[in-house]
Amino acid sequence: MSVRVRFAPSPSGSLHVGNVRTALFNWLFARKNKGVFILRIEDTDVERTFYSAYQGILEDLSWLGLNWDEGPYRQSERLDIYKSYAIRFLEEGLAYKCFCSPEELEREREKAIKEGRPPRYSGKCANLSPEEVSRLEAKGISYSIRFKIPKDAYFVVDDIIRGRIEFDVNAITGDFIILRSDGMPTYNFAVVIDDYLMKITHVIRGEDHLSNTPRQLLIYKALGVEPPRFAHLPMIVGSDRSKLSKREGSLSIKELREQGFLPEGVVNYLALLGWSPKGEEIKTLDELVEEFSLEEVSPSPSAYDPAKLRWINRQHILRLDEEKLLEYAKPFLGDLNNYPKDWLLKAIVSIREYAETLSDIPRYIEKYYLSDINLDKSYKEELILGKKAIETFLNLLRETEDLSVIDNVFKEAIKISGVKGRRFYHPIRLAITGYESGPELVEFIPILGKDRCIERLERALKFLEE
RNA sequence: GCCCCCAUCGUCUAGAGGCCUAGGACACGGCCCUUUCAAGGCCGAGACAGGGAUUCGAAUUCCCUUGGGGGCACCA
């Protein structure tokens with residue numbers, strides 16, 4: 001039987017790193033096994049559903065390259081299906097109508113918590129006689145449908161990541177609602193109906209769903225079908241080991257994209273959270289597919305580390321071919337896009353090794369090539385010491401037409417001035433770039449252009465006289 | 001309160017009884033190279049939560065403790 005997996009987010013906000021790691025592992029598993037990756041939107045909570053979030057999910061997945069084979073299915077379009085199964089359960093005596101009001105339930109719940117009892121539904125509506133049920137219905141009192149849990153329910157799950165897990169259902173839950181009074185299904189019910197109907201073979205989801213599993217197994221059993229295999233991925237936690245919070249910085253995929261992270265970088269980093277490849281950590285999506293294995297996923301939670309994300313992103317920036325890098329950088333370049341393409345390309349390539357994100361690219365171009373250099377007072381002494389080197393180089397530069405052989409000019413200037421090595425190059429670097437570090441000078445000078453080099457050198461000479 | 005999960009360097013992890021004086025990567029510190037570096041190279045510091053048990057031998061198996069996390073809704 002071929003593998004079928006699904007990613008089933010709810011459109012209540014933007015996709016964040018935790019969600020996406022789940023999507024990624026599902027996708028990798030599907031691709032690795034030549035299976036099918038299904039996208040399903042769990043939008044049965046009208047209050048929390050936003051169309052923008054729905055669109056965002058599609059955008060984010062597309063951007064990351066996590067293409068889906070089926071869907072997006074939307075649960076809100078399948079309401080009749082859930083309802084029909086709920087009614088079937090009702091008819092089979094597996095569920096019953098519950099006329100308790102939300103307020104009433106909330107009161108009981110609070111009371112139970114206060115008295116130190118587990119907050120569970122008492123099951124009182126299960127004992128309503130048929131006459132009472134029709135009387136309440138006739139009065140127009142709305143009802144929900146509750147699943148009646150069998151008294152002896154006990155499950156053993158063989159989780160792909162965690163191994164054997166046992167659940168004593170009666171120690172966990174009371175009768176739970178499967179269809180709300182407004183006709184909407186609840187999560188635990190709708191997931192199972194859908195996973196069953198969509199023939200899902202492997203449910204790969206976050207560990208936060210682990211304790212939902214027994215409730216869902218109950219539904220499978222009521223349906224009379226075999227449940228799929230389960231794999232519960234470890235949570236991604238913050239640097240303080242607690243739940244990932246907004247304070248942690250860039251957590252939504254949209255934000256990461258806007259900050260200039262590459263889809264390659266994000267995907268690569270996320271793949272390393274809970275899983276690790278044998279050798280080199282820098283991988284393309286194709287390589288990840290090749291090497292990924294669900295069995296190798298670690299069960300313990302992993303902390304989100306922005307520093308490593310940045311490092312990995314930089315590795316991908318370094319590996320991109322030049323045209324593609326330019327393409328990626330474009331949205332971040334702003335007015336820089338008006339510069340001639342070949343100049344832009346050279347400028348980008350000259351500073352790419354410093355860039356951790358795409359948004360660093362315009363910053364460095366601005367810093368080195370465009371803004372007026374502002375020589376720091378602390379450079380003064382070194383510039384004075386290097387005056388001869390600067391002057392000699394400047395004079396030769398004036399007579400040079402072809403900047404592609406600038407290294408010959410350097411050699412010539414070294415010969416004439418008698419200054420060499422660091423004491424020769426460094427003052428010139430300060431004068432021309434304005435900083436102590438930056439791109440190779442032989443690369444830098446042709447990009448900056450002869451006139452501006454001369455201008456900057458002259459300016460430095462003036463500065464050291466001041 | 002009840003149920004479930006987790007536990008190796010600061011972080012991500014390798015490790016499925018002897019190959020472990022515990023390996024790699026990020027971050028950190030130092031050195032080297034280089035005209036400079038935020039690049040590259042080399043080196044360093046840094047961990048098996050604690051206690052029992054099994055075994056000739058345990059990071060690896062079992063139990064307990066502790067710590068962290070998740071769940072217990074007419075949210076998903």
Side-chain angles (χ1 to χ4, degrees), chain A residues 8-12 42-45 47-49 75 98 100-102 105-106 109 112-121 142-146 159 161-162 165-174 176-188 190-191 206-215 232 234-235 237 239-243 269 272-282 296 298-312 314 318 353-356 360 364 410 414 420-430 433 435-442:
Chain A
S10 61
S12 55
E42 313 227 320
D43 53 355
T44 53
D45 185 353
E47 302 262 310
R48 301 191 197 186
T49 290
Q75 290 190 325
C98 172
C100 301
S101 71
L105 293 169
E106 184 54 30
R109 200 184 135 77
I113 291 170
K114 214 164 73 187
E115 290 171 5
R117 288 180 291 118
R120 256 175 239 163
Y121 180 61
S142 65
Y143 61 87
S144 58
I145 298 180
R146 270 186 201 273
D159 189 279
I161 294 169
R162 283 152 221 280
I165 304 166
E166 298 175 41
F167 297 100
D168 178 359
V169 179
N170 284 290
I172 293 171
T173 180
F176 57 92
I177 290 173
I178 57 177
L179 203 72
R180 297 185 248 176
S181 50
D182 62 0
M184 296 296 258
T186 57
Y187 166 75
N188 284 116
V191 205
E207 196 202 312
D208 48 341
H209 289 285
L210 191 54
S211 24
N212 285 319
T213 310
R215 261 175 289 270
H232 288 95
M235 303 302 280
V237 299
S239 48
D240 60 352
R241 294 264 120 204
S242 69
K243 210 173 183 173
Y269 175 68
L272 264 26
L273 249 31
W275 177 78
S276 68
K278 292 286 171 277
E280 172 74 38
E281 285 184 324
I282 304 302
E296 287 169 358
S298 146
S300 58
S302 29
Y304 178 73
D305 180 6
K308 185 144 186 182
L309 204 212
R310 298 181 77 79
W311 179 79
I312 286 182
R314 180 169 156 263
L318 250 24
E353 73 174 89
Y354 307 117
E356 289 187 313
D360 287 338
Y364 284 118
F410 276 122
I414 287 169
K420 58 185 177 180
R422 188 197 153 91
R423 281 184 300 143
F424 172 83
Y425 283 104
H426 207 238
I428 292 176
R429 163 173 294 283
L430 289 175
T433 70
Y435 296 95
E436 290 185 281
S437 64
E440 293 283 335
L441 287 180
V442 291

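Throughout, a chain's letter reflects where its sequence line sits, starting with A, and its residues are numbered from 1.
Using a 4.5 Å cut-off on side-chain heavy atoms (C-beta onward), V442(A) and F410(A) make contact. Side chains of L210(A) and I165(A) form a contact here, defined as non-hydrogen atoms less than 4.5 Å apart.
With C1' as the reference atom, C4(B) and U61(B) are 22 Å apart, rounded to whole Å. Comparing the P positions of C64(B) and C2(B) gives an interatomic distance of 15 Å, to the nearest angstrom. With both ends at atom C1', the span from A53(B) to C31(B) equals 49 Å, rounded to whole Å. G15(B) sits 29 Å from A39(B) when the P atoms are compared, rounded to a whole Å. Rounded to whole Å, the C1' atom of G23(B) lies 12 Å from the corresponding atom of U8(B). For the C1' atoms, the distance from C20(B) to C3(B) is 38 Å, rounded to whole Å. Spacing of C1' atoms, A14(B) relative to U60(B), comes out at 13 Å, to the nearest Å.
Closest contact between the side chain of R146(A) and the listed nucleotides C4(B), C3(B), C74(B) involves C74(B). Distances were taken from every side-chain heavy atom of W311(A) (C-beta onward) to each of C6(B), A25(B), U36(B); the shortest belongs to A25(B). Listed nucleotides: C2(B), U13(B), C5(B). Nearest to the side chain of R120(A): C2(B). Closest contact between the side chain of A307(A) and the listed nucleotides C5(B), C74(B), C26(B) involves C26(B). Closest contact between the side chain of R180(A) and the listed nucleotides C75(B), C26(B), C4(B) involves C75(B). Of the candidates G71(B), C12(B), C26(B), G71(B) carries the atom nearest the S211(A) side chain, counting heavy atoms from C-beta on. Counting only heavy atoms from C-beta on, P102(A) has its side chain closest to C74(B) among A14(B), C74(B), C6(B).
Residue contacts shown for G274(A) are limited to sugar-phosphate atoms, with no base heavy atom under 4.0 Å away. Using a 4.0 Å heavy-atom cutoff across all strands shown, R310(A) reaches no nucleic acid atom at all. Residue S437(A) is classed as a base contact, given a heavy-atom separation below 4.0 Å to a base. Within the nucleic acid shown, L318(A) has no heavy atom closer than 4.0 Å to any nucleic acid atom. Residue contacts for H209(A): at a heavy-atom cut-off of 4.0 Å it reaches a base atom on one of the strands shown. Residue P119(A) is in base contact, counting any heavy-atom pair closer than 4.0 Å across all strands shown. Residue-level contact check: E106(A) touches neither bases nor backbone, having no heavy atom under 4.0 Å from any strand. Within the 4.0 angstrom heavy-atom criterion, base atoms lie near N212(A). The residue I172(A) sits close only to the backbone: its heavy atoms come under 4.0 Å of sugar-phosphate atoms, none of a base. Counting non-hydrogen atoms under 4.0 angstrom, R429(A) reaches a base of the nucleic acid. Nucleic acid contact class of Y143(A) (heavy atoms, under 4.0 Å, all strands): none.
To the nearest angstrom, C1' of C3(B) lies 12 Å from CG of N170(A). One can place CZ of R314(A) at 15 Å from P of A25(B), the figure rounded to the nearest angstrom. C5(B) atom C1' lies 10 Å from atom NE2 of H232(A), rounded to whole Å. Regarding E42(A), its CD atom lies at a distance of 9 Å from the P atom of A76(B), rounded to whole Å. Atom CD of E353(A) is separated from atom P of U34(B) by 17 Å (rounded to the nearest Å). In this structure, R215(A) places its CZ atom 14 Å from P of C3(B), rounding to the nearest Å. Taking atom NZ of residue K308(A) and atom C1' of nucleotide U11(B), one finds them 8 Å apart after rounding to whole Å. When rounded to the nearest whole Å, the span between CE of M235(A) and C1' of G71(B) equals 10 Å.
The nearest heavy atom of RNA chain B to C98(A) and to Y269(A) marks one nucleotide each, and the one closer to the 5' end goes with Y269(A). Comparing T186(A) and E296(A), the nucleotide of RNA chain B nearest to each residue sits closer to the 5' end for E296(A).
The heavy-atom pair separating H426(A) from E436(A) by the smallest distance is NE2-O, 3.6 Å. Of all heavy-atom pairs between S142(A) and S181(A), the closest is OG-CB, 4.1 Å.
For Y354(A) against C37(B), a side-chain-to-base donor-acceptor contact under 3.5 Å is present. The base of A27(B) lies outside donor-acceptor range of the side chain of D305(A), with no N or O pair under 3.5 Å. Judged by distance alone with a 3.5 Å cut-off, no donor-acceptor contact links the side chain of Y187(A) to the base of A73(B). Under 3.5 Å, the side chain of S181(A) and the base of C74(B) form at least one donor-acceptor pair of N or O atoms.
Between A76(B) and T44(A), a contact under 4.0 Å exists linking OP1 or OP2 to a side-chain N or O. Between T433(A) and the phosphate of U36(B), there is no side-chain N or O to OP1/OP2 separation shorter than 4.0 Å. Between A73(B) and R109(A), a contact under 4.0 Å exists linking OP1 or OP2 to a side-chain N or O. Here R422(A) does not reach the OP1 or OP2 of C33(B): none of its side-chain N or O atoms lies under 4.0 Å away.
Note that the CD1 atom of I145(A) and the CD1 atom of I177(A) stand 10.0 Å from one another [nearest 0.5 Å]. E207(A) contributes atom CD, which lies 8.5 Å from atom NE2 of H232(A) (distance to the nearest 0.5 angstrom).
Base pairing of U55(B): no nucleotide in any strand meets the Watson-Crick or G-U wobble criterion (both distances under 3.5 Å). Using the Watson-Crick or G-U wobble rule with both distances under 3.5 Å, G67(B) pairs with C6(B). When both pairing distances are held under 3.5 Å, C42(B) makes a Watson-Crick or G-U pair with G30(B). For U21(B), there is no paired base (Watson-Crick or G-U wobble, both distances below 3.5 Å).
Under a 3.5 Å cut-off, the side chain of R314(A) and the backbone N or O of E353(A) do form a donor-acceptor pair. Looking at Y121(A), its side chain never comes within 3.5 Å of a backbone N or O of L105(A) through a donor-acceptor pair. Of the possible donor and acceptor atoms, none in the side chain of R215(A) sits under 3.5 Å from a partner among the backbone N and O of V169(A).
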